[in-house]
Undergrad: 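First the structure, then my questions, so here it is.
In this text the structure is predicted, and so the values were computed from the model without any measurement.
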Amino acid sequence: MKKLLLLFVLMYAGSGGFAQFVGIGTTSPTRPLTIRGEGTAPNPISQLLAFHDLTDAPRWHIDMPDLVGLNFAATNIRDNVLYLGINGRAGINNGNPSATLHVISVEQTNATIARFHRGEGNADLRLSNPNGELILQQTPVGANLSSSNGNNLWLRAGTVIGGAELYLLPNGHVGIGSGLTNPLSPLHVSGEARLDGGILLPAGGGVRTPLNHYEVATFSGNWGFGNNTYSTGQVVRVVRTGNMVCVTLTADNTTMNATGALELVYNTALPARFRPANTVRQPIQVQVNGTQGTGVLQVRGDGTIAIRPSISGPAALWSGSANSGFFACSIFYVIP
């Protein structure tokens with residue numbers, strides 16, 4: 001009866017008999033409805049409101065768990081379903097938010113943590129500061145991530161400086177690589193780039209074909225014929241660009257004693273990726289018995305490299321004592 005009388009007095013206090021401020025648990029309401037929390041010292045939790053269902057079972061309640069925040073809780077199930085702090089931070093399933101909005105997922109089977117949705121038209125999420133906005137937008141034709149005010153867009157994987165970074169400039173230039181904040185071309189890569197499918201370059205009337213192979217290989221071997229070896233430790237360099245192969249005999253080798261040999265054969269065959277479909281031939285400068293002339297360099301389909309001493313006499317033999325061989329040269333050919 002006393003509580004009912006107090007409520008009646010509070011409701012009709014004030015001039016003219018109109019209701020002004022109502023207090024629950026307090027005789028000094030400061031708002032049209034003021035609720036004083038209930039709790040037991042030294043526990044700081046102040047209980048405020050409870051919501052029961054039709055069976056009078058408690059379902060939801062509101063309290064102030066730390067005297068500075070407001071906790072919307074599912075009674076006997078989960079606290080901090082929604083938490084509002086006086087520091088302007090809000091937590092979802094989180095009573096200690098470290099950002100303006102801090103969401104913690106409690107659904108182990110649902111990979112989606114947060115979703116921002118609009119029923120029709122474009123939908124976007126914007127992060128703003130005085131320097132501009134970062135905009136994540138979904139449109140009927142796709143999604144885009146952009147920065148406003150002509151700012152660069154910078155993506156980094158991980159928090160370590162020097163890791164994978166991607167820079168997009170308003171002028172259309174893209175930089176890939178740590179610290180490449182000012183790419184100088186439409187695509188500027190710091191370090192190596194790998195394109196497994198190749199590069200499709202412009203064609204001036206022929207067939208546009210992907211450039212899909214580049215390799216430099218160096219081999220060391222001996223020159224000889226049959227069971228005889230005339231020169232050891234000789235270097236051959238091979239460069240393949242797309243389907244074009246260049247084989248280079250890297251140094252003069254004119255001091256061999258190859259008398260009676262039909263040809264000089266390199267004992268290291270080229271791997272299959274460098275081999276022509278059929279034998280390719282090229283005239284080169286040779287020296288036979290101290291006399292310079294024109295011989296023939298051959299690269300065969302099995303990867304063998306051989307040199308004949310004469311371009312005009314296929315049966316001619318090498319001759320000379322420590323004064324025969326060839327000069328540094330290169331041969332180019334196209335593989336299938």
Undergrad: Sort and list the pairs that fulfil side-chain hydrogen bond (donor to acceptor under 3.5 Å, both in side chains) and have at least one residue in residues 55-64, not counting sequence neighbours.
TA: His52-Asp56, Asp53-Thr55, Asp53-Arg59, His61-Asp63, His61-Thr75, Asp63-Asn71
Undergrad: Can you list the steps and then say if Gln234 with Asn253 is a side chain to side chain contact (heavy atoms under 4.5 Å, CB included)?
TA: CA-CA 9 Å; Gln234 300 301 304; Asn253 190 359; 3.4 Å; yes
Undergrad: With ILVMFWY side chains joined below 4.5 Å, transitively, what does Val141's cluster contain besides itself?
TA: none
Undergrad: Is any side-chain heavy atom of Phe274 closer than 4.5 Å to one of Val247?
TA: no
Undergrad: Could you grab the distance from atom CG of Leu153 to atom CG of Leu145, nearest 0.5 Å is fine?
TA: 5.0 Å
Undergrad: Decide if atom CG of Asn278 counts as having more than 12 heavy atoms of other residues, nucleotides or ligands within a radius under 6.0 Å.
TA: no
Undergrad: Any side-chain heavy atom of Ile92 sitting closer than 4.5 Å to one from Val103?
TA: yes
Undergrad: Is there a donor in the side chain of Tyr333 and an acceptor in the side chain of Asn243, or the other way round, less than 3.5 Å apart?
TA: no
Undergrad: Let me see the working for Phe326 and Ile284 under side chain to side chain contact (heavy atoms under 4.5 Å, CB included), right down to the final yes or no.
TA: CA-CA 8 Å; Phe326 56 86; Ile284 64 170; 4.2 Å; yes
Undergrad: With a 4.5 Å heavy-atom cut-off, do Leu211 and Thr241 have their side chains touching?
TA: yes
Undergrad: Can you confirm whether Ser147 sits close enough to Ile135 that some side-chain heavy atom of one is under 4.5 Å from a side-chain heavy atom of the other?
TA: no
Undergrad: Start with the C-alpha gap between Tyr230 and Trp318, add the side-chain angles, then the distance that decides, and say whether ring pair (Phe, Tyr, Trp, His ring centres under 6.0 Å) holds.
TA: CA-CA 12 Å; Tyr230 308 127; Trp318 287 93; 9.0 Å; no
Undergrad: Asn93 vs Arg78, test: side chain to side chain contact (heavy atoms under 4.5 Å, CB included). Steps then yes/no.
TA: CA-CA 8 Å; Asn93 300 313; Arg78 182 178 301 111; 3.3 Å; yes
Undergrad: Quick one: which residue pairs count as a side-chain hydrogen bond (donor to acceptor under 3.5 Å, both in side chains) with a foot in residues 184-194, not counting sequence neighbours?
TA: Arg194-Asp196
Undergrad: Please determine whether a side-chain nitrogen of the Lys or Arg among Glu215 and Arg240 lies less than 4.0 Å from a carboxylate oxygen of the Asp or Glu.
TA: no
Undergrad: Give, for atom CD1 of Ile24 and atom CG of Leu49, the distance between the pair rounded to the nearest 0.5 Å.
TA: 7.5 Å
Undergrad: What distance do Leu200 atom CG and Leu195 atom CG have between them, rounded to the nearest 0.5 Å?
TA: 11.5 Å
Undergrad: Quick one: does Pro97's side chain get under 4.5 Å of Tyr83's, heavy atoms only?
TA: yes
Undergrad: Is it true that the side chains of Glu133 and Ser128 contain a donor and an acceptor less than 3.5 Å apart?
TA: yes
Undergrad: Hey, does the side chain of Thr259 reach the backbone of Gly320 with a donor-acceptor pair shorter than 3.5 angstrom?
TA: yes
Undergrad: Could you tell me whether a side-chain N or O of Asn228 sits under 3.5 Å from a main-chain N or O of Gly226, the two making a donor and an acceptor?
TA: no
Undergrad: Taking Ser319's backbone N and O only, do any of them form a donor-acceptor pair with Ser324's side chain (distance below 3.5 Å, no angle check)?
TA: yes
Undergrad: Would you confirm whether Asn110, through its side chain, and Ile113, through its main-chain N or O, come within 3.5 Å as a donor-acceptor pair?
TA: no
Undergrad: Do any N or O atoms from the side chain of Thr304 and from the backbone of Arg300 form a donor-acceptor pair under 3.5 angstrom?
TA: no
Undergrad: Nearest 0.5 angstrom please: Asn289 CG to Asn257 CG, how far?
TA: 10.0 Å
Undergrad: Out of curiosity, Ile62 CD1 to Ser46 OG, how far, rounded to the nearest 0.5 Å?
TA: 13.0 Å
Undergrad: Apply side chain to side chain contact (heavy atoms under 4.5 Å, CB included) to Gln282 and Val296, showing your working.
TA: CA-CA 6 Å; Gln282 178 174 295; Val296 179; over 6 Å; no
Undergrad: In terms of ring plane angle, is the pair Trp154 and Tyr167 parallel, tilted or perpendicular, where the classes change at 30° and 60°?
TA: parallel
Undergrad: In a check of side-chain contact (heavy atoms from CB on, under 4.5 Å) between Val238 and each of Thr248, Leu270, Val299, which one passes?
TA: Leu270
Undergrad: Flag the pair Leu317 / Leu262 as yes when at least one side-chain heavy-atom distance between them is below 4.5 Å, and no otherwise.
TA: yes
Undergrad: So do Met256 and Ser231 actually touch side chain to side chain, heavy atoms under 4.5 Å?
TA: yes
Undergrad: Do Trp223 and Thr232 have side chains that get closer than 4.5 Å, going by heavy atoms?
TA: no
Undergrad: Between Thr34 (side chain only) and Arg31 (backbone N and O only), is there a donor and an acceptor less than 3.5 Å apart?
TA: yes
Undergrad: Checking Glu165 side chain against Ala157 main chain: does a donor-acceptor pair fall under 3.5 Å?
TA: no
Undergrad: Distance from Thr268 atom OG1 to Phe219 atom CZ, nearest 0.5 Å?
TA: 8.0 Å
